[in-house]
Each structure stands twice: as C-alpha cells, then as structure tokens.
Amino acid sequence: MNSNKHILILGADGYLGWPTAMYFSKLGYQVTAVDNYFRRNACTELDVGMLYPVPSLIERAKIWYDKTGKEIKVVIGDLQEPELVRSFFDGRVQYQWAVDNAFTGIPETVVHYAEQPSAPYSLLNYKYANVTIANNLLITNNLMFAVKDLSPKTHVIHVGTMGEYGTPNIDIEEGWLDIEHNGRKDKFLFPRQAGSLYHTTKIMDTDLMWFAVRMWDLRITDLMQGPVYGIETEESLIDERLKTLFNYDEIFGTVINRFITQAIVGYPLTVYGKGGQTRGYININDTLQCVHKSALNPPKLGELKIYNQIMETFSVNELAEKVRRVGEKLGYSVEVKSIDNPRKEAEEHYYNPSYQGLLELGVKPHYLTDASMEEMFKVVEEYKNNIRRDVIFRGVKW
Ligand code: USQ
C-alpha cells in the first residue's frame, strides 16, 4: 500500500488543494498541507463572496482527524519565502498543526497548486498583475531549487492549464510537438500563446520546470488542466465542514459553477460574446484521480511529462444550454443572455486537443451528465440565501 509515502501539497487550502489533501490521506499517504490563505484573503479583499464559509485549514485538518483518525499536518506560510520551501526537505519545518510534531521526512511527491489561479484577477490592474507574476513564478522557482539542492529524486506534479496553448488553428498535442524544418526534425514544447497574464505565468512555470529538467535532471509532471467544476468529493461527504470552497463570482468562479448558481437565483446566464469559446472541462473528482495516477507513474529523472487534463470539450453556448435544460427540469426558469465579452478571446475557433494520456493511466472520467448537474444544483440550492447577485458580473475587462 501507500502507507509510508509522503506527499506535500502546496496550496492546500484552495478549491483543489483541500480535496486533494483528503483524497491522499484517505489512501493512506502521509500528507503535509501548506497554504498562506491567499485565496480566502483575496476573496475577502475583493469582496467577492463565497457560497458558504469554510473553516480554516487547521480546523479542517482537525475535523478530518476527528472523523477519520488520519493526520494531515498543516503549515501556514508564504512559499514565496525560499527558506519555507526548503524546510520541507531539510527537516526544519514547523507544523502549525499535527498529531505528531516530528518531521515526517522528505516527500516523495510534491503537488504544486500554490498559485494565483484567476485570469480576471491577474488583469484587474497592474498591482494584481504583479501579485500574480511574483507569487506564481517565485514559488515555482523556489520549489525547483529546493528539489535540486535537497531532494533531486522527488517527483513534482504541477498543475498547469490548457490555456497555455490558447486556441490555435491546429490540433493540440499533449505538451510536445514534432517539428520538421528545412529537412531536419526535432521535438519541442507545443507552441503556447496565453489569453491572460495568469495563463502566461503558467507558461513561464512550464519554462522554469523544463529548464530544471534539462539542467538538473529533475522529474516533473505538468498537468494541463481545463476549467474544473463540481463541489462534493467522496471525502467531503463525511462532514459538511469538509466541503471545498466554492466561488461563483466573476473573478474566482469557473463557468459551470457560475451558470448553475446563476440559474438558481434567476440571473440570466452570462454567456460572454458569441459563446463559441470552446474549452476542455473536468469534474473535480477527476482532478483527484489524475493527480493520483500521475503520482503513481512518475517520470524518469530528467523527464518532463505533460498531460492534457480534460475529459470532454464544450462551447460556452453548449454549457448554457445544458444548465438551462437541467434547471428547467428542476423547476427553475432559466434565461440565457449573451453579454459583451469582457475578455479578449476568440469566440468562434477550431479546438481539437488530444487527451489520451491520463485515460491510458487508468483515470475513469465523470462526465457532465444531467445527473451530475442535478447533484450540483442540489448542493448549491442549500445555500441559496447566501448567493449575492452583485458579485456575479462586474465586468473585469482586458
Ligand atoms: N465564460 C463565459 N461566461 C462566464 C464565465 C466564463 O462565457 O460567466 C467563458 C470565458 O470567456 C471562457 C470560458 O467561459 O471562454 C471559461 O472561462 P472560466 O472563467 O471558466 O475559465 P478561465 O478564466 O479560462 O480559467 C479557469 C480557471 C483557471 C484554469 C483555466 C483552465 O480559473 O485556473 O487554468 O480555467 S483553461 O480555461 O483551460 O485555461
């Protein structure tokens, strides 16, 4: 079993981080969870609201321990500080909460989610752009140096984004492209052209990691993820206080989560522009499976593995139509309204990404079915009275 494996989760208080911490803990891994509360502080600062309040990371780890008898060690701190990152590998780490305060040992795997994840946030103004660039790049760089200097065999799993590729007029491969030029051939990272500064930092992360792989023979997996939807995971069903945070606002909410919330409060679904924007989507439960399969299949030393982490593709219009149909079945009257697109993005375009790699590793997809949407409607409905209409659309432009 995995009982002696140690996994370090950076960004463990976020939408994906906390469910990932519980998932690996349940599987028997030793889990160390780190966060500086960036996301919840940003939500407070920008007054975007969340669907329900979420206990602190320390409180959640305690609830998890009470319910399951399993320990998730918690460290609260800013990973832009290189000594904090290094402390996980040289034993200087101080846990803010743990059942046993002794050093767990060097992690075999690090999951790196510790990034400012919102495209609109990164383009609010130059200050938020700087926060995004500094946070995302410094943390990735700190991690690369810590692993190189102190534990070069540790497997780093980074969550990147499909947005690194943009929407090119050719098929999107999984990370790499064979190029023939003037009669010679070589393999390169697939061309990247991001549509926001946030997405651009993920391209730069990939470059930092590819450099570390080439120069120092690190082993890294980069997961190019599409927009995630969903709330409950198997582990959060144990106690409602273990549910992950849920945003439906313009800055931190992803489109499916937003549309379902909008349908419930009778806010016309906010289709940006023509609605032909097509992306690859993934259920939050599949994010967990993908990270797990990646952890079980580390690259060789000196290898950067890249997977496209999506399960199906939809245009915004198709999503709006699905949410409208399911909402009406549940008794809501749902209007779909196209509004001027606040973003600069192609609204009609070719989109054909390949995403076989994770399926070949054994991931079993959850698709966006009526049943899965009905479940989301039911959970969001419970908190209907908390939903704030004023945060749904403020028009952050770029
Ligand atoms: N959209 C609408 N109406 C809305 C919200 C979004 O039409 O009310 C459109 C957007 O214009 C975009 C698409 O829906 O074309 C997806 O938007 P999103 O807000 O769900 O996703 P995005 O800003 O691209 O970012 C999200 C996550 C980010 C992740 C990315 C994956 O916040 O962390 O990296 O999805 S991807 O989109 O593949 O780059």
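All values below were derived from every heavy atom in this structure, side-chain atoms included, with hydrogens, water molecules and symmetry-related copies excluded. Just so you know, ligand 1 is whichever comes first in the structure, and atom 1 is the first atom listed for that ligand. Counting from 1, the numbers follow the sequence of the chain as shown.
- Taking Tyr267 as the reference, nothing meets the side chain to side chain donor-acceptor pair (under 3.5 Å) condition, with sequence neighbours excluded.
- Counting only residues at least two apart or in different chains, ring pair (Phe, Tyr, Trp, His ring centres under 6.0 Å) contacts with residues 216-235 comprise Phe145-Trp216, Phe211-Trp216.
- Contact of the Asp217 side chain with the Pro152 side chain is not registered, since no non-hydrogen atoms from C-beta on lie closer than 4.5 Å.
- Between Lys243 and Ile231 there is a side-chain heavy-atom pair separated by less than 4.5 Å.
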Could you pull out the N/O contacts under 3.5 angstrom between ligand 1 and the surrounding protein atoms?
{"unit_1": "ligand 1", "atom_1": "3 (N)", "unit_2": "Thr270", "atom_2": "O", "d": "2.6"}
{"unit_1": "ligand 1", "atom_1": "7 (O)", "unit_2": "Tyr272", "atom_2": "N", "d": "2.9"}
{"unit_1": "ligand 1", "atom_1": "8 (O)", "unit_2": "Arg258", "atom_2": "NE", "d": "3.0"}
{"unit_1": "ligand 1", "atom_1": "8 (O)", "unit_2": "Arg258", "atom_2": "NH2", "d": "3.0"}
{"unit_1": "ligand 1", "atom_1": "8 (O)", "unit_2": "Thr270", "atom_2": "O", "d": "3.2"}
{"unit_1": "ligand 1", "atom_1": "8 (O)", "unit_2": "Thr270", "atom_2": "OG1", "d": "2.7"}
{"unit_1": "ligand 1", "atom_1": "11 (O)", "unit_2": "Glu345", "atom_2": "OE1", "d": "3.4"}
{"unit_1": "ligand 1", "atom_1": "11 (O)", "unit_2": "Glu345", "atom_2": "OE2", "d": "2.5"}
{"unit_1": "ligand 1", "atom_1": "15 (O)", "unit_2": "Arg279", "atom_2": "NH2", "d": "3.4"}
{"unit_1": "ligand 1", "atom_1": "15 (O)", "unit_2": "Glu345", "atom_2": "OE1", "d": "2.9"}
{"unit_1": "ligand 1", "atom_1": "15 (O)", "unit_2": "Glu345", "atom_2": "OE2", "d": "3.3"}
{"unit_1": "ligand 1", "atom_1": "19 (O)", "unit_2": "Arg343", "atom_2": "NH2", "d": "3.1"}
{"unit_1": "ligand 1", "atom_1": "20 (O)", "unit_2": "Val255", "atom_2": "N", "d": "2.8"}
{"unit_1": "ligand 1", "atom_1": "23 (O)", "unit_2": "Arg343", "atom_2": "NH1", "d": "2.8"}
{"unit_1": "ligand 1", "atom_1": "23 (O)", "unit_2": "Arg343", "atom_2": "NH2", "d": "3.4"}
{"unit_1": "ligand 1", "atom_1": "32 (O)", "unit_2": "Pro117", "atom_2": "O", "d": "3.3"}
{"unit_1": "ligand 1", "atom_1": "33 (O)", "unit_2": "Pro117", "atom_2": "O", "d": "2.7"}
{"unit_1": "ligand 1", "atom_1": "33 (O)", "unit_2": "Tyr198", "atom_2": "OH", "d": "3.1"}
{"unit_1": "ligand 1", "atom_1": "34 (O)", "unit_2": "Thr161", "atom_2": "OG1", "d": "2.9"}
{"unit_1": "ligand 1", "atom_1": "34 (O)", "unit_2": "Tyr198", "atom_2": "OH", "d": "2.7"}
{"unit_1": "ligand 1", "atom_1": "39 (O)", "unit_2": "Thr161", "atom_2": "OG1", "d": "2.7"}
{"unit_1": "ligand 1", "atom_1": "39 (O)", "unit_2": "Gly163", "atom_2": "N", "d": "2.9"}
{"unit_1": "ligand 1", "atom_1": "39 (O)", "unit_2": "His199", "atom_2": "NE2", "d": "2.8"}

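- In this structure, the side chain to side chain donor-acceptor pair (under 3.5 Å) partners of Glu164, at least two apart in sequence or on a different chain, are Thr206.
- Seen from the ring of Trp64, Arg60 does not count as a face-on cation partner, given the 6.0 Å and 45° thresholds.
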